Each structure stands twice: as C-alpha cells, then as structure tokens.
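The shown structure was predicted, so the numbers you read here are calculated from the model rather than taken from an experiment. The chains referred to below are lettered A, B, ... by the order of the sequence lines, with proteins before strands, and numbering in each begins at 1.
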Number of protein chains: 2
Amino acid sequence: MRLSEGVEWGVHCAVVLAALPPGAVLAGKALAEFHGVSESYLLKHLQALVAARVCESVPGPRGGFRLARAPEALSVLDVVEAIEGRQPAFRCGEIRQRGPAAQGPDAAVYRVPCAIHATMLRAESAWREVLRAQTLAELVAAVGAKLDPETIRATREWLVGRIRA
Amino acid sequence: MRLSEGVEWGVHCAVVLAALPPGAVLAGKALAEFHGVSESYLLKHLQALVAARVCESVPGPRGGFRLARAPEALSVLDVVEAIEGRQPAFRCGEIRQRGPAAQGPDAAVYRVPCAIHATMLRAESAWREVLRAQTLAELVAAVGAKLDPETIRATREWLVGRIRA
DNA sequence: GGATGAATACTCGGATATTTATTGTCCGAGTCATCCTGG
DNA sequence: CCAGGATGACTCGGACAATAAATATCCGAGTATTCATCC
C-alpha cells in the first residue's frame, strides 16, 4: 500500500488556502514556489481538487485557486479522496468462486460478502473516519500553534504579497 | 491508495492454511488451484510470507507451506505487512522546509512533526489496529459460520486429499 | 482629457513522454519417494 | 527376501520480461490588464 505523493502536495496546498482570508485567490505558481515543488505537476493535482469540488479555479491574470467551501466544512478525507479517488484500497476479486469448492450447485452461498473482505472494509472505514473528522480549519490552527510568531509573520507577509482579491 | 492484489491472495491462502490440522502442509500448486489463480505468481507472494516468518516452506515432494505460528497468534496485519511491506502509506517529504518560509534561521521549528503528517499517521494506526485485532483463527470461524455444511464437507474433502503430513 | 480598441502577459487546462512499481512467467537448486539391482 | 544405490519426479527459490500506474513536462485556450490611439 502506498499513497500517492500528490496527496501530500494536495493537503499542504489545501491547508495554505484554508489559512488565507475568505475568497482570496492564490496562483498555482505561488503554491508551487511556497512548497518548493514543480509547478506543472502541482497543477495536475490542483485540477483533481477542482474536479472534486474541493477547490475553485479562476482563470486569467489575477487568477488562481481558492477553496470551494469554508475550511470548517472541508475534511482531509475530501482532499485525499479528490486525488486518490474514492475506490476502496482493497478490491475483493472473490477468488473463492474460482476454486473447485465453488463449482457445485451451491455456488450461491459464496455470494455473501467474504469475511476477509468485511475485515478489510472495516479497516478502511476506520482510516477514513480519522481523516473525515479532521477539518482543514483544525489543521490550520494546529500548524499555527506549533510555529513561533516570527515565522508566522514572515510566512504571512510572503503570502499576502501574492494574494489576489 | 491501492492495495496490491497479492494481499488478497495471501490472506486467502493464510486462512486456508489456518483451517488445516496443525502441522499440515499444503503445496503451492494446490493453493493456486483452490483459488483459481496462477501458481507461479502465487508462489512469489508465498515467498514473501515465508520471508516475514508468517509461513514456513517445506521443499521436495510431500513439501508445501504451513503457518509458522498458531492461527490464534497470527493476525491479518501480519499477512498484509508481509506482502505490502511495513512502510507507512503516507511518507511526509517535509515539503514545507523547501519553501521560502523555511529559509530563515528559524528553520529548526520545522523539525517538529507537521500536523498533516500526524493526522495521516493516526489514520494509518487506526487501520492497522483493526487488522491487528483480527486473527486468522477468527476468520476461519467466520467463514465457516457462513457456509452450509455440505459445502464445508466438500471443501474439506478436497483439501484432505492434498494435505501432506 | 476620456473612451475605445487591440495587443499583451499571465493564468489554468488537457494532451503527451518518462520513470517506477506491479504483475506475470520461466528455469534452476534441492529433496524425498520410488524403482532397480545385487547380495 | 532384504539392503543399498541410482534415478526420477515434484517441490520451492530466485532471476527475468510485460504491463499498468504514477510521475513529470510541455504547449494551447482563455481572460483581465495595459497601452496606444482616436474622438
């Protein structure tokens, strides 16, 4: 199991956007520079966020990205699913049905969800629940609480110079 | 996020082995036929289980695989980690440190684990905890409870003919 | 001086290569059972 | 009939391709700004 690198980029960008004043727009170029990553590739992931209604994009000069909803109404799960997709990580191929034990006339009993599948689904639900419970607003607060005032001031100043109404 | 197909195969095989009498050995060929999958590829995953001390392999004719521990002492997590690896799904590249906000002399403050990383780790822990709590013995019981007696008898007969001491 | 129009610079969006990981296959080393041979 | 040895068949183990996915990049469509021009 491996999470796409784009998930990290997407969540970081979402947190930055959540820290901006409501309605403020930030260009993908600024987001890429802020995180020290490739702008072209970051845009690809931001497109996924737009497609999933997590972000909105504004074209043209003075354009950029902003959150589609309030930071309190957006969870980390929203961002992760926007990039990784909503498909479950574990896909049950029902391989039991392919074995000799399933060749008889009672193959119907194999239709009940297999216990293994059920366990994996429970695990994934627990994973999602943690991410669903964490809002972007909470993350912004958590990040702010860990940094000293001077760093916050410098970061804020850097961002303000690039914000568009 | 996507789980390898080998995980499904590995867990199914582990459950079958857990259902056998203690010490019984079953060849990879039989496991592959039982699940209707490629023997060559299945062996690759069984090797991973052996490397992780989940299974033991017996070479030569009358050889095969058996669990390395009692089914009550083996969890689904053991099998999943054996195949997928123990690395966390989310790897924090600490991309904050690469941005302009981290260029000052206070870069040390970025050493504290970022809040995003912490959230992802909590989610993964919850996921692992569910899998760790489920033993192979419990899975065998759960599968048995869902099948009708006739199917169990036929399956058992099929397996017994291929078991090696 | 003000308004209008075209040119311009900057933005996102999607189509296109490159690298990596997963999936799938094959041949070789090792081992136990079997069969044959000799006593 | 019994013991010993060579043979053979079946097993796992690791090295080797093919395929799918993630990563990375580039060029094009669209828009607000800006500047020059005309009234």
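- Ion pairing between A/E81 and A/R128 holds under the 4.0 Å rule for side-chain N and carboxylate O.
- Here the P atom of nucleotide C/dT23 and the CZ atom of A/R91 are 10 Å apart, to the nearest Å.
- The CD-P distance, from B/E8 to C/dT23, rounds to 11 Å in whole Å.
- In this structure, CD of A/E5 is placed 12 Å from C1' of C/dT20, rounded to the nearest angstrom.
- A donor-acceptor contact shorter than 3.5 Å is absent between the side chain of B/R62 and the backbone of B/R164.
- The distance between atom CG of B/L42 and atom C1' of C/dT25, rounded to the nearest whole Å, is 14 Å.
- Rounded to whole angstrom, the span from the CD atom of A/E56 across to the P atom of C/dG13 amounts to 11 Å.
- Through side-chain heavy atoms spaced under 4.5 Å, either directly or across other Ile, Leu, Val, Met, Phe, Trp or Tyr residues, B/V25 is tied to B/V58.
- Neither OP1 nor OP2 of D/dT25 sits under 4.0 Å from any side-chain N or O of A/Y41.
- A salt bridge links A/R153 with A/E157: the distance from a Lys NZ or Arg NE/NH1/NH2 to an Asp or Glu carboxylate oxygen falls below 4.0 Å.
- When rounded to the nearest whole Å, the span between CD1 of A/I163 and C1' of C/dT11 equals 17 Å.
- In terms of hydrophobic clustering, with Ile, Leu, Val, Met, Phe, Trp and Tyr side chains grouped at heavy-atom distances under 4.5 Å, B/F34 and B/V37 are assigned to a common cluster.
- Between A/S38 and D/dT23 there is no side-chain polar atom (N or O) within less than 4.0 angstrom of OP1 or OP2.
- At the heavy-atom level, B/S40 lies under 4.0 Å from base atoms of the strands shown.
- Between B/K44 atom NZ and C/dT25 atom P there is a gap of 12 Å when expressed in whole angstrom units.
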Quick one: do A/Q134 and A/L77 satisfy side-chain contact (heavy atoms from CB on, under 4.5 Å)? Show the steps, please.
-> CA-CA 8 Å; A/Q134 184 92 61; A/L77 183 64; over 6 Å; no

Base versus backbone protein contacts along nucleotides 7-13 of chain D [heavy-atom cut-off under 4.0 Å; B, S, -] | --BBSSB

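- From one end of the helix from C/dG1-D/dC39 to C/dG39-D/dC1 to the other, with five pairs defining each end axis, the axis direction shifts by 10° (rounded to 10°).
- Of the charged side-chain nitrogens involved, none lies within less than 4.0 Å of a carboxylate oxygen, so that A/E39 and A/K29 do not count as a salt-bridged pair.
- Atom CZ of B/R156 has 12 or fewer heavy atoms from other residues, nucleotides or ligands within 6.0 Å.
- Atom CZ of B/R53 is surrounded by 12 or fewer heavy atoms from other residues, nucleotides or ligands within 6.0 Å.
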